Amino acid sequence: MIISEILMSADEHSPTTLAVEPLASELHNQLLTSLGRGGGLAPEKTRRVFVNRHLRMDHIEVIGFDMDYTLALYNQPRLESLSAACTLEKMITRRGYPEALRQLPYDARRAIRGLVVDRERGNILKMDRYGYVGRAYHGTQPLPRVERRKLYREQLLRILPSHYAWIDTLFALPEAVLFAQIVDFFDADPSFAALSSEQKSSRYSQLWADIRESIDEAHRDESIKRVIKADMASYIIDDPDLPATLHRFRSAGKRLFLLTNSGLDYTQAVMSYLLDKRLPGYSSWRSYFDVIVVDAKKPTFFTEKAPLLALDPDGQVRGELDGHEPPSRGRLCQGGNVQALDRLLGLRGDRVLYIGDHIYGDMYRAKRASVWRTAMIIQELEDELLQQRLVEEQLQKLEALERTRHRVEAELRYEQLLGQRLRRLTQDDPQLQLVTAEAQLEQAHEEIHKRSEAMRTLIRQTDDDLDRLELQIEQAFNPFWGPLLKAAAENSRFGQQVEDFACVYTSRVSNFLQYAPFQHFRSPRDHLPHERVY
């Protein structure tokens, strides 16, 4: 039924109130379906866009996209297995590591984004937003609490690149998993155990360097990309809503650009798979974009002044663009910098929304080097939200226990204050002791002591219940690291970075299809601790 027929039908039935309500509801759903809303007033929580800072889409004139893990979402388990296999191949055949490493069972749960590798100690850490290390593993073995506190709490922790490495992209997860597993492999070797602490530290650090160089080499020589291109369906998620999302943006008058570190050959293969022959009016994937920048070399794209080069359809350089060229849909470019792209687009940066997945290469640098607005794609968010739904009851219990603890602590402080005042009165006023029977004073002290001890016992029990419940909840997300964006009661370091540098975040680009292209995304009101009511 077309929209006009739906509206006319609704008018014909409007005089009868009782009969209208179910019919109107049905017609309303049909209308929403016709408009592409699927009959719902709000998207499923797993497909929502979450807001850190107000974003008015009617003010946005240009939308830019990263490609890998942004427009192109990967089948993460398959890609991790492929990356790990290619990395081990380089380590064994070119760097002399033992053949036995091929037999290590790869466990993808051993790494999530936001971890920190202590490359000299063989440890992997998860921090909260204040830098507190709440979880740490040596290889795959939990670091004892005493040792964790000694290493990471008794002295200022400086995250220097020479000693530490961030795991901040999904591409980097296999590096952390392999590092943990090979550290275990080293530690089980008697000859390694006989080494001095300095020698072990050097071996751990060299192991990390070899893993990083091997996986970079596998990307450079196309070992990984060659396999992906040969079997796109196995490695890249086909999102049927992606073409319609880009089309809706264009239909709303917004210009689009692609900004990727991948070369033209790989970009052509991936984007063709995702967009070619999907919608009428788009002759190829390039038709969706006004400007396409490959080999962008982010994050230096945002910090340096590399020239923006024009490419022909075969990828040959035609010369440098100066920003005064007439507009040309599907323009191919290479390299460049943020200022050159702004000139080519012909507008000021706060009218640009850039959508990417890399907290440092996309979000942080875009914020620091420009006034572009930012949207972050967190592919893991859908699974996180599904798990959150499964532990909803436990989360409510956790909040109730925390409120109980606050209340009992307040009552305990009150009892302590009463005891202090009673002691002070009897010390400062000897006459009080004369007119008040000694038995009465002792009874008052005893009552205060009993109530205080009962409250301390309740606090200890509540703390034990909180610890058990927090562990159950965290293990529902990941048995080793807990939720992606939280570390106990605080934001994780990664979660805080998302809040600091992404105006909005969501699990995939096509989630924007659930919203009007002129949506005003409003952030929730922030509260300082004194504004909260417990």
Side-chain angles (χ1 to χ4, degrees), residues 109 112 114 125-138 141-154 384-426 439-496 527-534:
R109 301 173 302 167
I112 61 174
L125 325 172
K126 184 182 180 183
M127 298 179 176
D128 70 11
R129 60 177 172 167
Y130 300 111
Y132 173 77
V133 177
R135 292 193 180 202
Y137 287 82
H138 177 74
Q141 305 305 308
L143 208 61
R145 184 173 183 175
V146 172
E147 186 175 355
R148 171 165 55 86
R149 291 186 62 85
K150 180 180 179 181
L151 291 176
Y152 304 114
R153 290 297 294 168
E154 293 182 1
E384 290 274 313
L385 290 169
L386 287 173
Q387 291 303 321
Q388 184 175 310
R389 184 183 300 169
L390 294 176
V391 297
E392 193 73 39
E393 185 177 344
Q394 290 98 314
L395 287 169
Q396 291 173 359
K397 288 180 180 178
L398 190 68
E399 290 184 4
L401 283 170
E402 288 173 341
R403 288 194 297 271
T404 297
R405 198 185 194 288
H406 281 294
R407 176 180 56 78
V408 177
E409 280 184 333
E411 292 177 3
L412 176 60
R413 288 193 294 269
Y414 178 71
E415 293 294 332
Q416 291 171 333
L417 181 60
L418 285 180
Q420 290 173 357
R421 293 185 65 183
L422 183 59
R423 284 191 295 272
R424 189 178 300 118
L425 285 172
T426 55
Q440 289 178 305
L441 288 173
E442 187 161 340
Q443 182 181 359
H445 282 295
E446 184 66 22
E447 287 179 3
I448 291 173
H449 177 73
K450 285 182 178 180
R451 285 199 298 267
S452 297
E453 282 303 307
M455 290 172 192
R456 290 190 182 95
T457 300
L458 181 55
I459 287 173
R460 287 193 294 270
Q461 292 173 346
T462 304
D463 283 343
D464 289 342
D465 291 341
L466 280 168
D467 289 342
R468 281 194 297 271
L469 196 53
E470 280 185 344
L471 183 60
Q472 291 174 11
I473 292 170
E474 290 196 348
Q475 288 183 335
F477 290 90
N478 181 288
F480 307 109
W481 301 109
L484 178 69
L485 303 176
K486 301 294 291 185
E490 300 291 346
N491 287 347
S492 66
R493 185 69 174 262
F494 181 71
Q496 191 62 39
H527 292 94
L528 287 169
H530 75 278
E531 299 175 294
R532 298 188 177 105
V533 178
Y534 293 102

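Nothing here was measured: the structure is a model prediction, and the numbers come from that model. Starting from 1, each residue takes its place in the sequence as its number.
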### Message
Between Arg407 and Thr404, do the side chains contain a donor N or O and an acceptor N or O under 3.5 Å apart?
### Response
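On atom types as modelled, these side chains do not qualify, holding no pair under 3.5 Å.
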[Y] and [X], any side-chain heavy atoms less than 4.5 Å apart:
X: Leu151; Y: Leu143; result: yes
X: Leu466; Y: Leu398; result: yes
X: Leu390; Y: Gln387; result: yes
X: Thr462; Y: Val408; result: no
X: Met127; Y: Phe494; result: no

### Query
Is there a donor-acceptor pair closer than 3.5 Å between any side-chain N or O of Tyr137 and the backbone N or O of Phe480?
yes
### Task
Please check if the side chain of Glu384 supplies one atom and the backbone of Leu484 the other of a donor-acceptor pair under 3.5 Å.
yes
Spacing of [X] atom [atom1] and [Y] atom [atom2] [to the nearest 0.5 Å]:
X: Asp128; Y: Ser492; atom1: CG; atom2: OG; value: 8.5 Å
X: Glu474; Y: Lys126; atom1: CD; atom2: NZ; value: 6.0 Å
X: Arg135; Y: Trp481; atom1: CZ; atom2: CH2; value: 8.0 Å
X: Lys397; Y: Leu395; atom1: NZ; atom2: CG; value: 11.5 Å

#### Entry: Nearest heavy atoms of Ala136 and Arg148, plus distance in Å
CB-CD, 3.9 Å
### Message
Minimum heavy-atom separation for Glu411 and Met455, please, with both atom names.
### Response
C-SD, 3.6 Å
### Task
With salt bridge (Lys or Arg N to Asp or Glu O under 4.0 Å) as the test, would you mind laying out the steps for Glu453 and Arg456 before giving the verdict?
CA-CA 5 Å; Glu453 282 303 307; Arg456 290 190 182 95; 2.8 Å; yes
### Task
Starting from the C-alpha separation in whole Å, work towards a yes-or-no answer on salt bridge (Lys or Arg N to Asp or Glu O under 4.0 Å) for Asp465 and Arg468.
CA-CA 5 Å; Asp465 291 341; Arg468 281 194 297 271; 2.3 Å; yes
